[in-house]
Amino acid sequence: WVANIFKKNENSAETAVTYDSEKLRQVLESLECVSGAEIRDSQNASLSDYQDGVGYELTDAVYGNRLDENVFYEKVDEAVNMMASELDLDGSGCYVDPVYTADSREAKEMLEKANRYVNTTITYQFGKKEEVLDGSVISQWIRTGDDCSVSLDSEKEKEYVSQLADKYDTKWKSRTLVTHSGKTVTVPAGGNYGWRVNQDETIAKLNEYLEAGEDYTGEVVYYQRAAQYEEPDYGDTYVEVSISEQHFWYYQNAKVVLESDFVSGDPTKGRDTPKGAYQLAYKARDQVLQGEGYSSPVDYWMPFVDGVGFHDASWRDRFGGSIYKGDGSHGCLNLPPSVAKQLYDKIEAGIAILVY
């Protein structure tokens, strides 16, 4: 052996004992700690139930007893190879622990953002009426993710704003009108006059306020406005148009400032003047009105719907009565030239035209 001190030797020995790792895995899979009925998942830190006037608090993480099976099998395999008789599952990191606890940055940011949302108050004003949006409603929109993210349920937002529009929009709806004679009539639905909420823009603005935690008091965003919120929404400056009487009355501040006979669309040819509540689109001078079978130059043009409007009709020498039945217009309201000029000088775009 003395001589061997100065020699390099390599020796090998075959493993005396081996085991079937697949069979071991099958045994492990049957253990109560792997597949038993009492297995509970860990839960990340979460938001508490919403409390009016307070908001949310953090509910701390809950540690369960579900094993990470891959880690567990690996640690048992190591223990068997080391001839160990015990394996500390907790100390070996075999359990699936919560990712986020109440002390996690992500959980704290989740709490801060959710409370910013629900502690914001939005007050929408509709004239003398108000709609208050606060945490009691916003809390129903809060959605959290497994990664502690916080978002707002866009469908819930749309539903809320849609309900506001259904309640306060007046465009396309019928209206009552106390006529020149004191009789109350219904102006048919379908006209283009009235309030109409721009729902997409209202939601976009709402999200801006909530993200910033900024209280807001004011109006929603509108596509179109009317004269006033209170009924009637067309206010006290408007044009009353009676097809049966072939006469109109223009009111300013509830007083008639101009009235006249006219000739409306010819119903015998399917050219009826459309009935409903409309708004004057604009007014223009020296236009040529063209359509199927006609081309008419006019000095004063005041349209309110689909190419239909007030204009002078110098080619007519009579107005009113039953002329429109058989010799009516293509839908427009033909006026005496002097009346058309007066109306043009007085009326402005946006004023309600109530045709019944």
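Note that the numbering runs from 1 along the sequence shown for the chain. Just so it is clear, the structure is predicted and the values come from calculations on it, not from any experiment.
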NZ/NE/NH1/NH2 to OD/OE distance under 4.0 Å, [X] and [Y]:
X: Glu219; Y: Arg225; value: yes
X: Asp327; Y: Arg316; value: yes
X: Asp169; Y: Lys173; value: no
X: Lys158; Y: Glu155; value: yes
X: Glu231; Y: Arg175; value: no
X: Glu112; Y: Arg116; value: yes
X: Glu109; Y: Arg105; value: yes

Once side chain to side chain donor-acceptor pair (under 3.5 Å) is applied, what residue pairs with a partner in residues 41-54 remain, sequence neighbours excluded?
Asp41-Arg66
For atom NZ of Lys269, is the number of surrounding heavy atoms from other residues, nucleotides or ligands below 6.0 Å larger than 12?
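Buried by this count: over 12 neighbours within 6.0 Å.
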Please check if atom CG in Asp345 has more than 12 non-hydrogen atoms from other residues, nucleotides or ligands closer than 6.0 Å.
yes
Locate the shortest heavy-atom distance separating [X] from [Y]; write the atom from each residue and the value.
X: Cys148; Y: Glu106; result: CB-O, 3.7 Å
X: Glu240; Y: Tyr251; result: OE1-OH, 2.9 Å
X: Tyr209; Y: Thr120; result: O-CG2, 4.1 Å

How about Tyr124 and Glu130: does a side-chain donor come under 3.5 Å of a side-chain acceptor?
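Tyr124 vs Glu130: no donor-acceptor pair found between side chains.
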Classify the ring geometry between Tyr222 and Phe126 as parallel (under 30°), tilted (30 to 60°) or perpendicular (over 60°).
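It falls in the perpendicular class, over 60°.
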